[in-house]
Protein chains: 2
Amino acid sequence: MTIEEQIKKINSSLATKGYKLTGQRDATLRVLLENEKDHLSAEEIFLLVRKKFPKIGIATVYRVLELLTELHIVEKMNFGDGVVRYDLRSDEHEHMHHHMICNQCGEVREIKEDWLQMLEKRLEKEFGFTVTDHRLDFIGSFHSCDSHSCKHSGKAAVS
Amino acid sequence: MTIEEQIKKINSSLATKGYKLTGQRDATLRVLLENEKDHLSAEEIFLLVRKKFPKIGIATVYRVLELLTELHIVEKMNFGDGVVRYDLRSDEHEHMHHHMICNQCGEVREIKEDWLQMLEKRLEKEFGFTVTDHRLDFIGSFHSCDSHSCKHSGKAAVS
DNA sequence: ATACTTGCAAAAGCTTTGCACACAA
DNA sequence: TTGTGTGCAAAGCTTTTGCAAGTAT
């Protein structure tokens with residue numbers, strides 16, 4: 001699905017609940033869609049959105065992110081560096097993507113398969129617990145980061 | 001392992017790094033050990049510690065928690081309610097416990113098995129990624145909470 | 001008109017830090 | 001005495017909120 005198509009679809013979701021796709025919301029959404037893999041913080045999102053929409057205030061960005069969280073379009077995540085990051089849940093892999101977090105270079109790479117269906121059935125049976133969502137992160141390191149100096153941007157290492 | 005034994009063990013870890021087991025640290029540790037399953041926030045820990053050690057300040061509690069995080073005795077977690085919670089990593093199930101988070105009653109129940117070993121081998125093989133830690137949370141609801149009014153304390157519901 | 005949105009600034013958390021004092025080796 | 005640890009209050013951050021003004025239908 002192209003970004004335009006995704007925007008269009010999200011616009012429908014907004015409309016259903018009586019919300020409008022304003023310029024600020026559109027710009028924020030584009031930043032999220034264009035940086036899907038980056039798990040940006042509110043501050044980072046704000047700085048990027050401001051390039052598209054200079055007069056936006058950070059309060060608006062927070063309000064947009066809260067709105068998108070409500071609609072389950074993004075999800076708040078915390079990778080241990082103390083900052084809230086926003087993770088886009090695009091249709092293709094909603095409810096089924098996991099993370100590998102490298103503690104050498106800080107990269108957060110996504111795994112776009114759902115590895116947990118079996119386990120979720122087990123929770124249902126053994127605990128009477130119905131799963132509606134899950135979160136799975138692996139912390140460790142890529143061999144390519146261990147062996148030679150890592151090419152990825154040196155974000156803060158995790159824990 | 002009894003609480004006394006665990007305290008003793010942790011004391012050794014502290015000593016190794018030149019830290020002392022002061023009254024404040026002892027009290028904080030006991031609160032954590034006695035409430036292992038509760039995933040307390042800093043504020044909650046502070047209130048409980050103050051019962052044992054009334055003159056303690058919250059800054060000290062934060063400093064103790066930071067110290068324990070450094071030593072990998074506790075781990076900072078975020079369950080989506082916006083509060084940092086501290087999760088004890090006791091020896092028996094270090095690196096191998098998961099969470100069921102009920103969005104009816106807010107209970108966080110632990111699963112003390114490691115269900116991920118197979119998947120971690122796969123990451124090693126497919127991505128060249130060595131896992132040193134992981135995190136697995138399931139969000140959903142217990143049937144007992146759906147059917148009749150839930151007996152657990154009504155913490156804030158998750159997302 | 002009416003309801004939704006926004007920017008700004010103030011307020012509200014939660015967490016960290018500076019500093020002088022206390023304590024233990 | 002020397003370095004570690006602590007309480008208090010102040011400072012720092014991120015995030016939320018109040019309010020008046022703006023916008024679209």
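Atom set for the values below is all heavy atoms of this structure, side chains included, hydrogens, waters and symmetry mates excluded.
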Interatomic distance, [X] [atom1] vs [N] [atom2] [rounded to whole Å]:
X	N	atom1	atom2	answer
B:E70	C:dT16	CD	P	12 Å
A:Y62	C:dG7	OH	P	15 Å
A:I56	D:dG22	CD1	C1'	15 Å
B:F46	C:dC14	CZ	P	13 Å
B:I58	C:dC14	CD1	C1'	8 Å
A:F53	D:dT23	CZ	C1'	11 Å
B:N11	C:dA24	CG	P	15 Å
A:R63	D:dC19	CZ	C1'	11 Å

Query raised in the report: Counting side-chain heavy atoms from CB outward, which of D:dT15, D:dA9, C:dA9 is closest to A:A59?
Result: C:dA9
Report task. Name the closest nucleotide to the A:T60 side chain, picking from C:dT6, D:dT17, D:dT15. Result -> C:dT6
Requested in this report: Could you pick out which residue, B:K20 or B:A42, lies toward the 5' side of DNA chain C when each is mapped onto its nearest nucleotide?
Outcome: B:A42
Query raised in the report: Taking C-beta and beyond as the side chain, do A:R122 and B:W115 meet within less than 4.5 Å on heavy atoms?
Result: yes
Query raised in the report: In Å and rounded to the nearest 0.5 Å, what is the NE2 to OG distance from A:H72 to A:S13?
Result: 11.0 Å
Query - Donor on one side chain, acceptor on other, B:E120 and B:H134, under 3.5 Å - result: yes
Query raised in the report: Checking B:R135 against A:F138: charged group under 6.0 Å from the ring centre and within 45 degrees of the axis?
Result: no
Requested in this report: Just say parallel, tilted or perpendicular for the rings of A:H99 and A:H39, cut-offs at 30° and 60°.
Outcome: perpendicular
Query raised in the report: Is A:R25 touching bases, backbone alone, or none of the nucleic acid, heavy atoms closer than 4.0 Å?
Result: sugar-phosphate
Query - Sugar-phosphate only, base, or nothing, as touched by B:Q24 at under 4.0 Å among non-hydrogen atoms - result: sugar-phosphate
Report summary line: The residue, A:E66 or B:T22, whose nearest nucleotide of DNA chain D is more 5′ is B:T22
